[in-house]
Amino acid sequence: MNTKHIGHFSTTIFGILLALVVLFGINSFVIINPGQAGVISILGKAKDAALLEGIHLKPPFITVTDVYDLTVQKFEIPAESSTKDLQNLTARFTINFRIDPMKVVEIRRKKGSLANIVSKIIGTQTQEAFKIAAARRTVEEVITKRSELKEDFDTALGDRLDKYGIIVLDTSVVDLTFSPEFARAVEEKQIAEQRAQRAVYIAREAEQEAQAEINRAKGKAEAERLLAETLKAQGGQLVLQEEAIEAWKTGGAKMPNVLVMGENSQGSIPFIFN
């Protein structure tokens, strides 16, 4: 073998060794970014300590690293339940949560991926928490005490997910649907309440009109009393004569028939017939 062939062979060997070193180097460490946590499995067995952000060494070729997102996750999850009075409810909840970095290894061993966490843990426990909260109150209380329903739901869900290493940050009710029978009952009740309010208004209006009639009658009686006192007083005859003349004027230009009361017609008060 000549020198040229030896040099070429040496270069090839060096290149192979360099490639192996680079390959070993790349597979000997893992980088965990901020907001992440990793779990190393060596030959299928997860190590007890989670990997937090930074560079970590690992045995090459025989390890698998599962990386979990520790930032806030948001999922919309449906749920169904029955109320205390056996009315069906359908709801959709928005769940904001994050994974506890200290329990990532446990999550990896029990549930695996984030998709499994959502479907097998959060979805199931949301359903159970909603059942607990809804079963404590009637369907009308669900409407009138919605904030209390959410409080019970949040408490039940938080307690259930905490043991799985899932921290609930916030929940919100996206939609809450009642059974068609209850929806019709609510509509009929609103119509009945509107009719009752209308009846009360009409009754009050009639009462006010009756009171107005009483007040007008009292006013008329008081006017007649004052007129009677005026006629009895000095000069009352002149007042009555003036009223008789005014009545004749308003009755038309035709001279009305009159009746003179008393034996002496002079100075007597005429009584006008219409």
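What you are looking at is a predicted structure, and each value in this text was computed from that prediction instead of being measured.
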According to a 4.5 Å side-chain heavy-atom criterion applied to Ile, Leu, Val, Met, Phe, Trp and Tyr, with indirect links allowed, do [X] and [Y] form part of one hydrophobic cluster?
X      : Y      : answer
Leu161 : Ile132 : no
Leu89  : Val173 : yes
Tyr68  : Val118 : yes

- Heavy-atom donor-acceptor pair, Gln36 side chain to Asn33 backbone, under 3.5 Å: yes
- Query: Would you say the side-chain atoms of Thr83 pair up with the backbone N or O of Gln87, donor to acceptor, closer than 3.5 Å?
  - Reply: yes
- Query: Excluding sequence neighbours, so at least two apart, what forms side-chain contact (heavy atoms from CB on, under 4.5 Å) with Gln208?
  - Reply: none
- Task: Just jot down the side-chain contact (heavy atoms from CB on, under 4.5 Å) partners of Ser81, sequence neighbours excluded, or say none.
- Result: Phe130, Lys131, Ala134
Can you list, pair by pair, the side-chain donor-acceptor contacts under 3.5 Å of residues 37-61, counting residues two or more places apart and other chains?
residue	atom	partner	partner atom	Å
Asp48	OD1	Arg109	NH2	2.6
His56	NE2	Leu52	O	2.6

- Task: Dump the intermediate steps for side chain to side chain contact (heavy atoms under 4.5 Å, CB included) on Leu176 and Val142, then the final yes or no.
- Result: CA-CA 10 Å; Leu176 188 61; Val142 169; 3.7 Å; yes
- Item | Full working for side chain to side chain contact (heavy atoms under 4.5 Å, CB included) between Ile122 and Phe75 | CA-CA 9 Å; Ile122 298 180; Phe75 286 92; 5.7 Å; no
- Item | Under 3.5 Å side-chain donor-acceptor pair for Thr177 and Asp175 |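 Result is yes, a qualifying pair exists.
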- Message: Going by side-chain hydrogen bond (donor to acceptor under 3.5 Å, both in side chains), name the residues that satisfy it together with Asp69, two or more places apart in sequence or in a different chain.
- Response: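 Expected list: Thr71, Gln73.
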- Message: Quick check for you: to the nearest 0.5 Å, what is the distance between Ile121 atom CD1 and Leu114 atom CG?
- Response: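 Nearest 0.5 Å value for the CD1-CG distance: 10.0 Å.
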- Does atom CD of Glu80 have more than 12 heavy-atom neighbours, drawn from other residues, nucleotides or ligands, at distances under 6.0 Å? no
Can you give the donor-acceptor pairs under 3.5 Å from side chains of residues 149-160 to other protein atoms, not counting sequence neighbours?
residue	atom	partner	partner atom	Å
Lys150	NZ	Asp154	OD2	2.8
Lys150	NZ	Thr171	O	3.1
Asp152	OD2	Arg137	NH1	3.1
Asp152	OD2	Arg137	NH2	3.0
Asp154	OD1	Thr171	OG1	2.3
Asp154	OD2	Thr171	OG1	3.4
Thr155	OG1	Glu151	O	3.0
Arg160	NH1	Gln125	OE1	2.9

- What heavy-atom pair brings Gly123 and Ile77 nearest, and what distance separates the two atoms? CA-CG2, 3.9 Å
- Query: Would you call Phe178 and Ile143 a side-chain contact if the rule is heavy atoms closer than 4.5 Å?
  - Reply: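 In contact.
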Table please: side-chain donor-acceptor pairs of residues 92-107 below 3.5 Å, with sequence neighbours left out.
residue	atom	partner	partner atom	Å
Arg92	NE	Glu76	OE2	2.8
Arg92	NH2	Glu76	OE2	3.3
Asp100	OD1	Met102	N	3.1
Lys103	NZ	Asp162	O	3.3
Glu106	OE2	Lys110	NZ	3.1

